[in-house]
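Got a structure for you, questions after.
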Amino acid sequence: MVKSLRHLHHKMGPYTITYFGVRGRCGAVRIMMADQGQEWKEILVDFADWMKGDLKATCVFGQLPKFEDGGLVLHQSNAILRHLGRNHDAYGKDGKEAALIDMMSDGVEDLRLKYGKMIYQEYDTGKDSYIKGLPNHLDKFEAVMAKNKTGFLVGDKPSFADYSLFEVLLNHLVLCSSCLDTFPSLKSFVEKMSARPKINAFLDSDAYKKLPINGNGKQ
């Protein structure tokens with residue numbers, strides 16, 4: 001009996017996120033947990049406190065977010081997404097789908113890194129050329145989404161890679177509101193994900209709206 005209760009607790013959370021007061025690297029994690037009906041606790045870290053180094057010294061790679069699921073402590077946002085994928089049946093129906101989901105997640109990460117580099121290092125000088133080159137990145141996801149025909153990247157329901165892509169696309173729509181106009185499958189994907197009741201409620205919440213997208217205020 002104890003075993004099954006412990007298993008139940010594991011499936012239900014509650015989870016704890018330790019992170020700065022931004023969407024940043026926790027944006028997709030929060031959206032995924034909201035859609036999966038999970039409750040979580042947030043420990044918001046003030047940047048000045050972070051710079052003191054005490055918390056940083058306890059982090060495996062000296063980075064936040066830190067994610068706790070009971071006694072399991074995870075760092076690295078994509079590892080957190082994968083863990084949630086395994087916990088909440090959002091990692092494909094078999095090994096083949098899981099491998100494809102991993103591939104798409106890595107593709108999203110590539111785009112996220114390019115976006116981050118522009119936001120933090122080249123916003124004033126490189127924003128226009130970044131937006132101009134964006135179709136060359138988005139067309140890859142458009143092709144996969146159009147081919148799958150289910151409205152998701154892999155399989156017939158959202159995986160952790162879909163939540164990650166969705167969140168990256170929301171950020172890009174703030175950067176350039178017309179960036180999906182020539183990508184019907186991606187546009188419809190964002191509309192469909194945004195309309196999921198729990199995601200819709202979360203995106204409409206003060207908890208979400210009050211957080212800036214990035215740590216430097218640029219978007």
Side-chain angles (χ1 to χ4, degrees), residues 1-19 23-42 65-112 140-142 144-171 185-186 188-205 207-208:
M1 188 61 196
V2 174
K3 196 171 183 183
S4 64
L5 278 173
R6 192 177 297 143
H7 180 70
L8 190 68
H9 172 78
H10 175 72
K11 285 294 182 204
M12 301 304 288
Y15 301 122
T16 303
I17 287 175
T18 304
Y19 196 50
R23 294 179 203 168
R25 281 278 178 180
C26 268
V29 172
R30 292 182 181 115
I31 288 170
M32 180 171 181
M33 288 192 297
D35 194 40
Q36 296 292 338
Q38 297 301 301
E39 292 182 8
W40 70 95
K41 189 172 125 189
E42 295 247 1
K66 173 186 177 185
F67 182 89
E68 294 168 86
D69 175 3
L72 177 68
V73 178
L74 289 175
H75 296 274
Q76 298 289 0
S77 53
N78 288 311
I80 296 164
L81 284 171
R82 285 186 166 88
H83 176 65
L84 289 169
R86 283 186 289 268
N87 270 11
H88 302 290
D89 192 24
Y91 210 146
K93 69 175 192 294
D94 55 28
K96 181 182 166 187
E97 281 196 0
L100 292 170
I101 290 165
D102 280 340
M103 177 181 81
M104 296 315 300
S105 171
D106 286 2
V108 176
E109 176 65 8
D110 286 348
L111 180 56
R112 194 184 288 280
K140 316 295 189 290
F141 296 103
E142 174 72 18
V144 170
M145 202 74 82
K147 191 178 172 192
N148 194 28
K149 293 185 171 59
T150 64
F152 303 111
L153 288 167
V154 180
D156 57 6
K157 61 180 180 178
S159 70
F160 72 86
D162 288 294
Y163 294 109
S164 193
L165 176 63
F166 172 60
E167 197 259 345
V168 162
L169 292 178
L170 288 181
N171 295 347
S185 297
L186 291 180
S188 127
F189 167 72
V190 168
E191 285 164 5
K192 191 162 104 168
M193 290 293 279
S194 300
R196 290 171 72 86
K198 288 170 184 161
I199 291 182
N200 187 271
F202 179 66
L203 296 182
D204 204 36
S205 70
Y208 175 79

Could you walk me through whether M193 and V190 pass the side-chain contact (heavy atoms from CB on, under 4.5 Å) check? CA-CA 5 Å; M193 290 293 279; V190 168; 6.0 Å; no
Apply side-chain contact (heavy atoms from CB on, under 4.5 Å) to residues K66 and Y19 and explain how you reach the verdict. CA-CA 7 Å; K66 173 186 177 185; Y19 196 50; over 6 Å; no
Restricting to non-hydrogen atoms, name the atom on S194 and the atom on L170 that form the minimum distance, rounded to 0.1 Å.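 Minimum heavy-atom contact is OG-CD2, 4.4 Å.
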pair F141-M104: side-chain heavy atoms closer than 4.5 Å: yes
Full working for side-chain contact (heavy atoms from CB on, under 4.5 Å) between F189 and L169: CA-CA 10 Å; F189 167 72; L169 292 178; 4.0 Å; yes
Tell me the closest heavy-atom pair linking M32 and G85, and the distance in Å.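 Shortest heavy-atom contact: CE-N, 3.5 Å.
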Side-chain heavy atoms of N78 within contact of R25, under 4.5 Å: yes
With a 4.5 Å cut-off on side-chain heavy atoms, are N87 and D69 touching?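 Heavy-atom side-chain distance check passes, below 4.5 Å.
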Against the six-membered ring of Y208, is R23 placed for a cation-pi contact (under 6.0 Å from the centre, within 45° of the normal)? yes
Separation between CZ (F160) and CD1 (I101), nearest 0.5 Å, reads 6.5 Å
Provide the closest heavy-atom pair for Y163 versus A28 in the form atom of the first, atom of the second, distance.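 Looking at all heavy atoms of both residues, the closest pair is O-CB, 3.8 Å.
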Student check: side-chain heavy atoms of K149 and K147 closer than 4.5 Å: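 A side-chain contact is absent here, since even the closest heavy-atom pair is not under 4.5 Å.
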Side chains of I17 and V29: closer than 4.5 Å at any heavy-atom pair?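 In contact.
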Examine K192 relative to F166 and say whether NZ or CZ is less than 6.0 Å from the centre of the six-membered ring and inside a 45° cone about the ring axis. no
Say whether, by atom type as modelled, one donor and one acceptor occur between the side chain of S164 and the main chain of A161 under 3.5 angstrom. no
Might you point out which heavy atoms bring L186 and E142 nearest each other, and give the distance in Å?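 That would be N-OE1, 3.0 Å.
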Would you give the length of the straight line joining atom CD of Q76 to atom CG of L81, rounded to the nearest 0.5 angstrom? 11.5 Å
Hey, what do you get for CG (L165) to OG (S105), rounding to the nearest 0.5 Å? 10.0 Å
What is the minimum heavy-atom distance between A90 and Q36, and which atoms define it? CB-NE2, 4.2 Å
Between N148 and G155, is there a donor-acceptor pair closer than 3.5 Å when you use the side chain of the first and the backbone of the second? yes
If you measure from CD1 on I199 to CG on D204, what distance do you get to the nearest 0.5 Å?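 Interatomic distance, I199 CD1 to D204 CG, rounded to 0.5 Å: 13.0 Å.
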Do NZ/NE/NH1/NH2 and the carboxylate oxygens of R82 and E109 come within less than 4.0 Å?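 Here R82 does not pair with E109 in a salt bridge, since their nearest N and O are not under 4.0 Å apart.
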For K140, is the NZ atom crowded, meaning more than 12 foreign heavy atoms sit under 6.0 Å from it?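 Enclosed: over 12 neighbouring heavy atoms sit under 6.0 Å from NZ of K140.
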Decide yes or no on salt bridge (charged side-chain N to carboxylate O under 4.0 Å, His left out) for R196 and D35, but give the supporting numbers first. CA-CA 8 Å; R196 290 171 72 86; D35 194 40; 2.9 Å; yes
State the OG-CE distance between S185 and M145, to the nearest 0.5 angstrom.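 Interatomic distance, S185 OG to M145 CE, rounded to 0.5 Å: 7.5 Å.
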Where at least one partner belongs to residues 152-170, residue pairs that pass salt bridge (Lys or Arg N to Asp or Glu O under 4.0 Å), sequence neighbours excluded: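 Salt bridge (Lys or Arg N to Asp or Glu O under 4.0 Å) check on residues 152-170 returns D89-K157, R112-E167.
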Which is it for F67 and L72 under the side-chain contact (heavy atoms from CB on, under 4.5 Å) test, yes or no, and what are the steps along the way? CA-CA 8 Å; F67 182 89; L72 177 68; over 6 Å; no
Can a donor-acceptor pair be found between the side chains of E42 and W40 at a distance below 3.5 Å?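 Checked: E42/W40 side chains pair up, N/O donor to acceptor below 3.5 Å.
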So, for E97 and G92, which heavy atoms are closest and what is the spacing to 0.1 Å? OE1-CA, 3.3 Å
Min side-chain heavy-atom separation Q38-Y15 under 4.5 Å: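 In short, these two side chains touch, coming nearer than 4.5 Å.
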